[in-house]
Amino acid sequence: MLKAVLEIKDKLMSRTFPLERIRNIGIIAHIDAGKTTATEMILYHAGRTYKIGSVDAGTAVMDWMEQERERGITISSAATTCQWREHCINIIDTPGHVDFTAEVERSLRVLDGGVVIFDGVAGVEAQSEAVWRQADKYGVARICFINKMDRTGADFHHTVTMIKERLQARALPVQVPVGSGQLFRGIIDLVENRVIPFPIDSDPASSEVGETSLAKHHQALIEEVAELDEETMLLYLDGQDISVSQLKAAIRRLTISNRIVPVLCGSALRDRGIQLLLDAVVDYLPSPLDVLPASATNPETGEEILCLASDDEPFSALAFKTVSDPFMGRLVYLRVYSGSVRAGVRVLNPTRDKKERLGKLYIMHADRREEVDETETGSIVASLGLKTTSTGDTLCEPARPVLFETIRFAEPVLSMAVEPKTKVDQAKLDDSLAKLAMEDPTFRIYHDKETGQTLISGMGELHLEVLMERMFREYGVRVNAGKPQVAYKETITIAVESEGKFVRQSGGKGQYGHVWLRIEPGKRGSGFEFRDQIRSGAIPKEFVSSIEAGAKTALQSGGLAGCPVMDVKVTVYDGSFHEVDSSELAFRAAAFMAVRDGIDKAKPIILEPIMIVEITTPNQFLGDVIGDLNSRRAHIEGIDSRADFSAVRCLVPLAEIFGFAGDLRSLSQGRASHTMRFHSYEELPQNLAGLIGTRIGRGR
Ligand code: GDP
């Protein structure tokens, strides 16, 4: 007994950071809002094992950034570990470009909290809105940092209003800037009731803020917090003073429960407000103990298992990113949800039903990678040597199999034929494509047997361009690419019941498979769902997976235009079997026939990918931009006009958006810009369906 207690104590003592001192966060931002700069500044302050002494902060930061860039180390790594106020902060990379929604989804899955960066001039942009919604879906607690307060036109209050209105978030400013643009000369910390002044060139001593104004702001913050937090309300009504630590604790409770989003401000480029931001990460964002335990299922019984955040629990982790590092090899990044594990041990991958050896383990720091023997609950590590584990897979202790929900990725919407510029590069091309596809689940490769072509598909033109650029840069392969082709899909609109019977009784061994399936439209984006509702042994259990496989194969091409059929729910509820003649093959064929027949009767339609596009244009070109969009079947969702610029948000079919970048450039003299990402699949208008399909129309 004593030994066991001592062992536990030993274990607890051996943690480098107690769990409550761990923060797994992502920095989320619209492209150009300053994510890279802010991350670099954070790592400058918190990422180093030694500091640059008393060198003037500005130049030291720049020197450090240059060095880091030259060495090309882990600022861009999938996860970086740093330390602040005796807390361990793991920064999990989220991509700057929303074309890569898969990346955003996968990083949001494994982080506990997020820092959302906004450009103080541009405010809330479309991309931030998209990521915000995804963060809502995963219940990620957030704080906001309004960056670029040093830029002319930066408007803190307007951005806060936009956060409230466009993101429908209860934004709670815990700071306000003193001045903005060139006169950005301080930050008022409303929680601690103090001003942090910055000397500015024009007036070194200009950051005075009246005492009364300070007290007023502080009081207003307390009142707003009291309105939401009962503990604070009781103290307030009692007429008691609310201390800074009580106020911080209340803001922490409200942030973690997703009831408020604290808002901070600063300038990453000028290193203003970054240390306060780090304080806020520690003070307000959740530790692994503050979030709900990760929910998994028992892969055999399907029963729910909670993986509690504790080193004493059995080990469980989710692989959230796979990278092929040119020097190290294949690195799989893991988030450990429960227990601890040693490098080199055999773990179970229940997603693939395989055991494999966990190779070396690394923690990535800003300026080095550290090999560790063991990794604990809450940590983020990169593992070298896993062969079959990929993004979205679970790893766990073989004695307690648990399976986390895999990370769902959107289906690619665009494909394009590629061939190497020189024939000798074919093998290199295949190799580089395979490696890139391993890293990115929304990037797929197909070899068309009929034409002999290699087709690549992804989430948009830019996505594919970036991947081709990487093929050249990282693998030295130059490719010729064909015209991009839209990936149309089909779906059904009504529920049907369908029978499939596969019976062969001539000569040799007979075949017998018979199923009744219910085929229903699924929710948009749900993909393919399969259910087994067979009662009283009408079909033995061993054939159910063949029925599922047969249904899946049948959905690979629909009857309207031969496109894959998506968002369909198939339930097997009845059928029959033959003691001798039934086989997996026969049930597969029966299900195939039932689904083929069923989707024909279920009023199929063709779906096309729709993109959400945001264009920022000087007002003088707004009319032309809208005219161009109207010719592309665009649905304009809103126009937000500010001073000289307008931001137009619209939904446009992917098929219509080709060449838009060039047209936008020429009609705006190169001054308008746009971002685009996949939004959803929607029904293709009937009059256009004829252009892509052969047999058209609802039903046949
Ligand atoms: P990312 O695309 O979100 O990673 O943005 P970057 O960090 O690359 O920044 C985009 C541009 O904005 C760069 O030119 C930065 O120098 C600039 N920038 C970033 N932060 C600030 C800031 O606080 N103030 C100003 N004036 N510029 C900034």
Side-chain angles (χ1 to χ4, degrees), residues 25-45 47 57-59 61-66 68-69 72-80 91-101 103-104 107 114-132 135 142-156 158-159 175-187 196 198 200-202 263-278 280 366 462-463 466 614 616 645 673-677:
I25 63 159
I27 300 182
I28 300 164
H30 190 285
I31 200 155
D32 267 357
K35 192 184 81 168
T36 313
T37 316
T39 310
E40 284 173 333
M41 285 300 163
I42 286 175
L43 293 179
Y44 168 70
H45 288 291
T59 49
V61 171
M62 297 319 287
D63 286 354
W64 179 78
M65 274 159 50
E66 280 308 313
E68 291 296 287
R69 281 206 189 101
I73 311 195
T74 45
I75 290 175
S76 59
S77 120
T80 309
I91 303 177
I92 296 150
D93 187 46
T94 57
H97 209 286
V98 164
D99 247 24
F100 316 133
T101 10
E103 297 276 339
V104 182
S107 47
V115 174
V116 186
I117 300 190
F118 296 98
D119 176 332
V121 181
V124 176
E125 294 160 277
Q127 217 169 338
S128 321
E129 202 175 331
V131 184
W132 192 274
R142 275 148 277 176
I143 53 182
C144 294
F145 181 75
I146 300 183
N147 188 33
K148 302 200 187 181
M149 284 310 303
D150 61 313
R151 269 185 64 194
T152 311
D155 190 337
F156 179 79
H158 183 258
T159 309
Q175 302 177 343
V176 279
V178 184
S180 67
Q182 286 186 344
L183 292 177
F184 178 45
R185 55 191 189 277
I187 291 176
I196 294 96
F198 320 131
I200 54 171
D201 299 340
S202 54
V263 185
L264 295 84
C265 62
S267 159
L269 188 68
R270 300 189 194 283
D271 193 16
R272 304 293 191 218
I274 297 295
Q275 302 189 41
L276 295 174
L277 173 63
L278 278 161
L462 184 75
H463 186 200
V466 168
E614 180 170 293
T616 310
F645 273 80
S673 62
H674 79 294
T675 62
M676 164 160 64
R677 75 188 164 83

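Both ligands and their constituent atoms are indexed starting at 1 by order of listing.
- Of all the listed residues (Met41, Met149, Lys148), Lys148 holds the heavy atom that lies closest to atom 18 (N) of ligand 1.
- Under a 4.0 Å criterion applied to the non-hydrogen atoms of Lys35, ligand 1 contributes the atoms 1 (P), 3 (O), 4 (O), 5 (O), 7 (O).
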Before you tell me yes or no, could you show the steps for Val466 and His463 under side chain to side chain contact (heavy atoms under 4.5 Å, CB included), namely the whole-Å CA-CA distance, both residues' side-chain angles and the distance that decides it to 0.1 Å? CA-CA 5 Å; Val466 168; His463 186 200; 5.7 Å; no
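- A cation-pi arrangement is found for Arg272 relative to Phe198, the charged atom lying closer than 6.0 Å to the ring centre and inside a 45° cone about the ring normal.
- Put simply, the side chain of Val124 reaches to within 4.5 Å of the side chain of Phe118, judged on heavy atoms.
- The distance from ligand 1 to the heavy atoms of Thr36 drops below 4.0 Å at these ligand atoms: 1 (P), 4 (O), 7 (O), 8 (O).
- Nearest to atom 15 (C) of ligand 1 by heavy atom, out of Ile27, Ile28, Thr37, is Thr37.
- Legend: residues meeting side chain to side chain donor-acceptor pair (under 3.5 Å) with Ser180, ordered by chain and number and at least two apart, are absent.
- Among the atoms of Gly266, none of the N or O lies under 3.5 angstrom from an N or O of ligand 1.
- Near Ser267, meaning under 4.0 Å from one of its heavy atoms, ligand 1 places the atoms 22 (C), 23 (O), 24 (N).
- Looking at Leu269 against ligand 1, both its backbone and its side chain come within 4.0 Å, counting heavy atoms.
- By the salt bridge (Lys or Arg N to Asp or Glu O under 4.0 Å) test, Asp119 pairs with Lys148, Arg151, sequence neighbours left out.
- Remark: ligand 1 atoms within the under-4.0 Å shell around heavy atoms of Arg151 are 26 (N).
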Derivation and outcome, side chain to side chain contact (heavy atoms under 4.5 Å, CB included), residues Leu277 and Ile42: CA-CA 9 Å; Leu277 173 63; Ile42 286 175; 4.1 Å; yes
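- When every heavy atom of Asp150 is checked against every heavy atom of Ser267, the shortest pair comes out as OD1-OG, 3.2 Å.
- The heavy atom nearest to atom 25 (C) of ligand 1, out of those in Val121, Ile117, Asp150, Thr39, is found in Asp150.
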